[in-house]
Amino acid sequence: MTKGTTIPVFFAVDNRYVPYLAAALISLQTQANPADHYQIKILYQKQHLSVHNQQQLATLIKPKTSLEFVALDTGLWDKLGQDPNTLRADYLTLTIYYRLFIANLFPQYERGIYLDADVIINYDLGYLYRLNLHEQMIGAVTDAFISHHQVTANYAEQAIGVPRNEYFNSGILLLDLKQMRACQLSQHFLYLMNKYHFPLIAPDQDYLNAIGHQRLFLLANEWNFQTEYPLATITQPKIVHYNLYGKPWHYNNIAFQDLFWQALQQTPYYTQVKKEQQLYLNSPQKIQADKDHKALLLKRVCDIPQQTPTFKTAAMQGEQVQI
């Protein structure tokens, strides 16, 4: 790859995830081809990302990379019909929905990469950006938590209406933004959400799976190595995703945790996060809370397919779910 390319990369964060985003930004730039230009867009909700944290993140940016903070509509929750779904049966956050609006917010781009903040990039993202999507709209990796067991697989098949091995994780996405605009994905999402308010365990991810299933190209697992339920033995993952509850900033013995700490050491947040980890490890209440949330998540995975409406029942009744 000798010819440089402009590569837009999108994150969505609030203050609580800024330290981990800092590590992700360091890793991205460490692996980047110097011929490419990365345009990083940080999507956030006003009052939920401090000026101080924005300034700290800006200090991490190197030549050939630009950083822009994009404040989103303060009325987003109203547009979502004040949807009550939580992430991982844990907490309510609007940042998870921002990826659904990227295509409309940035009409200048035809393609882009979306990344969750709890990742470490271990390979040049330019290779991901240039992958052939074979005319599909979404490039993603199968979700390890859902596909690993029949109980969780039943959630994908009966609640979302997609096969277990084609239910994807939305933490790393290669997006054909031009197709998303043409299909009016964000408008269709808002229509379905406001009409049905489906009970879900991972709201943004579930909507993307239900709506975009026919426009999915599955990527190799190495592009989204999910540490809590690895899909395969991978010794050199291209992107490490510390999803679910196994966070290296909370626990020890997390797969590829050294990559996180090495990147974090190059940020202003290292000492703060190390202290937070020790407090977490010394707090039986926090550890028990993770166990309780995980148990609740598994209970919801079992219960939701029996409830109505689901994406599957809506489609069986004639609703157009997929685009």
Side-chain angles (χ1 to χ4, degrees), residues 7-12 20 24 27-28 31 87-88 96 98-100 102 111-149 152-153 155-157 160-177 179-180 185 200-248 254-256 259-260 297 301 322:
I7 301 175
V9 180
F10 304 91
F11 293 92
Y20 325 129
S27 67
L28 186 159
Q31 299 294 335
L87 178 63
R88 304 189 321 244
I96 59 175
Y98 293 170
R99 70 202 77 186
L100 292 155
I102 288 171
R111 173 179 277 222
I113 296 171
Y114 171 84
L115 300 174
D116 277 351
D118 55 354
V119 302
I120 289 292
I121 293 89
N122 198 37
Y123 199 76
D124 179 8
L125 271 188
Y127 284 92
L128 174 61
Y129 184 76
R130 295 176 175 90
L131 281 179
N132 186 349
L133 279 177
H134 300 277
E135 301 184 353
Q136 298 290 49
M137 184 172 67
I138 300 170
V141 173
T142 300
D143 186 84
F145 170 69
I146 290 296
S147 65
H148 87 286
H149 192 276
T152 50
Y155 175 83
E157 293 164 358
I160 313 303
V162 302
R164 61 190 290 178
N165 292 323
E166 295 175 16
Y167 176 95
F168 61 87
N169 181 276
S170 66
I172 289 94
L173 299 171
L174 176 60
L175 300 171
D176 186 323
L177 302 175
Q179 273 200 62
M180 291 173 71
L185 183 143
L200 302 168
I201 61 164
D204 67 295
Q205 183 168 288
D206 291 336
Y207 274 96
L208 276 171
N209 271 278
I211 293 171
H213 175 245
Q214 294 296 330
R215 297 174 180 268
L216 169 67
F217 178 74
L218 283 173
L219 304 176
N221 295 336
E222 61 191 359
W223 284 112
N224 185 352
F225 180 84
Q226 298 150 66
T227 55
E228 193 146 342
Y229 294 95
L231 287 166
T233 301
I234 297 175
T235 58
Q236 290 292 325
K238 291 182 166 70
I239 302 178
V240 180
H241 186 188
Y242 307 106
N243 67 324
L244 294 175
Y245 303 98
K247 309 295 190 185
I254 304 299
F256 299 103
L259 296 178
F260 170 75
L297 175 64
V301 163
Q322 297 181 6

Between F145 and Y229, does the ring centroid distance fall short of 6.0 Å?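 For F145 and Y229, the ring centres are under 6.0 Å apart.
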Has Q226 got a side-chain atom pairing as donor or acceptor with T142's backbone, closer than 3.5 angstrom?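 Looks like yes, one N/O pair under 3.5 Å.
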Backbone of A156 reached by a side-chain donor or acceptor of R164 within 3.5 Å: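 Absent.
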I'd like to check the side chain to side chain donor-acceptor pair (under 3.5 Å) partners of [X]; sequence neighbours left out, ordered by chain and number.
{"X": "Y242", "result": "none"}
{"X": "E166", "result": "H213"}
{"X": "Q214", "result": "Q322"}
{"X": "Y123", "result": "none"}

To check you understand the geometry: which heavy-atom pair defines the closest contact between [X] and [Y], and what is its length?
{"X": "A12", "Y": "Y98", "result": "CB-CD1, 3.6 Å"}
{"X": "L177", "Y": "F10", "result": "CD1-CE1, 4.4 Å"}
{"X": "V9", "Y": "L115", "result": "CG1-CD1, 3.9 Å"}
{"X": "V162", "Y": "N209", "result": "CG1-O, 3.8 Å"}

Enumerate the salt bridge (charged side-chain N to carboxylate O under 4.0 Å, His left out) contacts for residues 229-244, please, sequence neighbours excluded, ordered by first and then second residue.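 Sorted pair list: E222-K238.
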Could you tell me which residues satisfy salt bridge (charged side-chain N to carboxylate O under 4.0 Å, His left out) with D116, sequence neighbours excluded, listed by chain and number? R99
How are the rings of Y155 and Y167 set to each other: parallel, tilted or perpendicular (split at 30° and 60°)? perpendicular
